[in-house]
Amino acid sequence: MLKRTCYGGELRESRIGSTVVLNGWVNTYRDQGKGLFFLDLRDRSGLVQVVFDLEGADPELVERARGLRREDVIGVRGVVRARVAGPNPKLETGTIEVAASELEIFSKSAPPPILPDDHEAEKIQEEKRLRYRYIDLRRPSMQKILRTRFEVTRAARTYFAENGFLEIETPFLIRSTPEGARDFVVPSRLYPGSWYALPQSPQLFKQILMVAGCDRYVQIVRCFRDEDPRADRQAEFSQIDLEMSFVEREDVMAMMGGFAQRIWKAILGYEIGEIPRMSYADAMERYGIDRPDLRFGLELRDVSALAKKTGFGVFEQALAKPRGVVKAIVVPGGAEKLTRKQTDAYAEFVKAFGAGGLPTVKYGAEGFSTGIAKFLEPIQAELVSELGLKPGDQVFFGADSWRIVTKALGELRNKLGADLGLTKTGEWKFLWVVDFPMFERDEERQRWVALHHPFTAPLPGEEGKLETDPEGCLSAGYDLVVNGSEIAGGSIRIHRQDVQQKVFELIGLTAEQARSKFGFLLDALQYGAPPHGGIAFGLDRLVMWLCGTNNIRDVIAFPKTQTGQDLMTEAPSSIDPEQMEELHVRNTVPTQP
């Protein structure tokens, strides 16, 4: 057997004159006639040209090579030489080639249903690529993503080992606990009528590890949530999860800021520098979202005080509502850049977020024009000064309750940033978002809902508000955001049983319900729990950013479709009646004719 001595994609001019053995797949082939046959051999490192030449090789060898086709698996022995026909700048190995002297055919390929070609991948339906994932993964870009993912996890393990963390596994078969999404459940064969759940996160177990004295825990762990998939979400995903004892918020943020700096330096050679921070309230007021993209401006501006002077009915109706506001976004040069068709489309866009419309106006040398210009005449000078308008600018307004306006204009801001090309590839803007509210009000169920999760502690000094002012209570939570995407979220945890019970009470859990669902945690907290806190990085989302893709399925070796199917293995699928009987379950779905 011809066993590989090196990877073909790693060969360079320094290896000229050496004999090598390569293993891989036939990527392309070219029969030049006159005793010459070329192929590009592909392995996980890239491509290299292999030449079968009658002048330097056995005629039988050349004839055998001529029988090769795409995706055949072969071994080749040969000498590295300078590329006879001149360099090929499209290949990293384009200055050399391998003159073959021996060929072994390990297996022949049937005509492949898809080709592992990056240039052709976009033309192939994703469903087909996922069905034949083992071929799709041969693409150079996919091999690079898998390598990058490995480098990230290796760097993570190195960093946390250097900082005294222990990697500890937590169980996959647990009891079902409410954590905001549906659990995947598994029937128990040994305990009829009872069920396990797959963990949405190791949250409770890592807290118990702190009670157990492990002090610093880390794990690269699979998590499971039975929710609708989307471009940046999967039903099963991976986290870099950690917890630390005897810490405050600053300690966890410093540790994870250092981790982000290490990863971006190791993978991209990029220096993040010091990571700024912003309060949740400031982020919502200025950007309409708690994970703002700082690569561009277009900040939301509150112009409610001026709007009162206009007499414009839309503004007046909005300001009469509880927490009614009027906010504005200024698009520099928008009067020339944006067409009427675009502005009309933006008005429809914001309606999806509860807004009734999108009043707009253009500012030029002669003042305001189009849209609601006539209503703004009484405040024109003040508004121009307040917003710093320049001729050619366009202004969009949101007028409604604070919640609707911030959401609608925040989403519009992100869309404008994308449509106007305001972001640059290779530009990274990191941000810590802090001082989140502990709770949001669920008006339908008339109770509070934990904004992060019910194990998040109040900020020091805020504990009294749990009794007097839950709406104003700030949490010790923190999110790490890069370019408008949350890549990590965590908090200091509640380590006192009385505080934990109060939070459960506020979110509508009776003492009996809390005991039923979280009894093991409440028990642990009464036996000497240290102050502790942690965070979890979404590994898949992290690799997405580092690899420059916006599809989470690109960075998972065997992902599910947007409808939760594994097309390669045809999961989910039915199971045998005997299995169902063993598990004490039955199928309630009618059999299809």
Side-chain angles (χ1 to χ4, degrees), residues 168-209 219-230 232-241 243 440 442 444-445 447-456 486 489-491 493-494 500 503-504 507-510 512-524 534-541 552 556 558-566 569 571-575 579-580 582-589:
I168 306 173
E169 294 179 343
T170 52
F172 277 173
L173 295 175
I174 64 173
R175 70 169 294 146
S176 180
T177 57
E179 294 191 42
R182 297 183 194 90
D183 286 330
F184 281 101
V185 293
V186 181
S188 170
R189 178 179 61 85
L190 298 178
Y191 297 92
S194 295
W195 301 75
Y196 297 105
L198 301 181
Q200 296 185 31
S201 75
Q203 179 63 49
L204 301 182
F205 287 97
K206 66 181 183 178
Q207 288 190 249
I208 287 176
L209 285 170
Q219 183 180 191
I220 299 173
V221 59
R222 299 291 281 174
C223 303
F224 307 87
R225 293 178 186 173
D226 187 6
E227 54 189 358
D228 296 333
R230 61 189 190 202
D232 63 346
R233 182 176 293 173
Q234 284 269 292
E236 53 179 318
F237 57 96
S238 297
Q239 288 183 174
I240 302 174
D241 192 58
E243 199 79 7
E440 288 182 311
D442 184 337
E444 183 177 333
R445 291 184 285 180
R447 66 176 178 83
W448 298 105
V449 178
L451 192 67
H452 268 89
H453 56 61
F455 316 108
T456 298
E486 178 201 329
S491 68
R493 322 301 187 188
I494 297 169
Q500 186 65 76
V503 170
F504 285 157
I507 64 173
L509 289 180
T510 66
E512 293 75 19
Q513 289 172 326
R515 169 61 53 183
S516 172
K517 295 180 180 299
F518 304 110
F520 60 100
L521 175 64
L522 293 174
D523 287 343
I535 198 168
F537 265 83
L539 175 60
D540 311 300
R541 198 171 296 182
I552 201 169
I556 299 172
F558 301 104
K560 305 293 186 291
T561 66
Q562 288 214 17
T563 57
Q565 293 178 294
D566 181 339
T569 66
S573 63
S574 60
I575 62 173
Q579 287 179 281
M580 297 181 69
E582 282 185 339
L583 295 170
H584 313 286
V585 296
R586 62 187 178 87
N587 189 356
T588 61
V589 178

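As a basis for the values below, the full set of heavy atoms in this structure was taken, side chains included, without hydrogen atoms, waters or symmetry mates. All values derive from a computational prediction rather than experimental measurement.
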Task: Straight-line distance of I208 CD1 to K206 NZ, nearest 0.5 Å - done: 13.0 Å
Task: Side chain proximity check, F205 to I168, heavy atoms < 4.5 angstrom - done: no
- [ ] State, to 0.1 Å, how close C223 and S201 come at their nearest heavy-atom pair, and which atoms those are.
- [x] SG-CA, 3.9 Å
Task: Worked verdict on R515 versus D523 for side-chain contact (heavy atoms from CB on, under 4.5 Å) - done: CA-CA 9 Å; R515 169 61 53 183; D523 287 343; 2.6 Å; yes
TODO: Decide if atom OH of Y196 counts as having more than 12 heavy atoms of other residues, nucleotides or ligands within a radius under 6.0 Å.
DONE: no
Task: Nearest heavy atoms of V221 and P202, plus distance in Å - done: CG1-CG, 3.7 Å
Open item on the list: So, taking the atom named CH2 in W195 and the one named NE2 in H584, what distance separates them when rounded to the nearest 0.5 Å?
Closed with: 11.0 Å
Task: Sole residue of T588, L583, N587 in side-chain contact (heavy atoms from CB on, under 4.5 Å) with V585 - done: L583
Task: Nearest heavy atoms of S176 and A197, plus distance in Å - done: CA-CB, 3.6 Å
Task: Inter-residue atom distance L522.CG - K517.NZ, 0.5 Å rounding - done: 13.0 Å
TODO: Output yes when D241 and R222 qualify as a salt bridge under the 4.0 Å nitrogen-oxygen rule, no when they do not.
DONE: no
Open item on the list: Rounded to the nearest 0.5 Å, what separates atom CG in L204 from atom CG in L521?
Closed with: 5.5 Å
Task: Minimum heavy-atom distance between I552 and Q234, given as atom pair plus value - done: CG2-CG, 3.6 Å
TODO: Would you check if there is a donor-acceptor pair between the side chains of Q219 and T170 at a distance under 3.5 Å?
DONE: yes
Task: Test: E582 and R189 ion pair at under 4.0 Å - done: no
- [ ] Working to the nearest 0.5 Å, report the span between CZ of R182 and CZ of R225.
- [x] 13.5 Å
- [ ] Find the distance between CD (Q200) and CG (D226) and round it off to the nearest 0.5 Å.
- [x] 9.0 Å
TODO: On the 0 to 90° scale, with breaks at 30° and 60°, tag the F504-F518 ring pair as parallel, tilted or perpendicular.
DONE: parallel
Task: Heavy-atom side-chain contact between R493 and E243 under 4.5 Å - done: yes
TODO: I would like to know whether H453 and S491 meet side-chain contact (heavy atoms from CB on, under 4.5 Å); could you show each step before the answer?
DONE: CA-CA 9 Å; H453 56 61; S491 68; 4.0 Å; yes
- [ ] Kindly indicate whether the side chain of L198, heavy atoms from C-beta on, has any atom under 4.5 Å from the side chain of L173.
- [x] yes
Task: Over all atoms of both residues, closest heavy-atom pair of I507 and A450 - done: CG2-N, 3.9 Å
Task: Heavy-atom closest pair, residues S516 and R175 - done: O-NH2, 3.0 Å
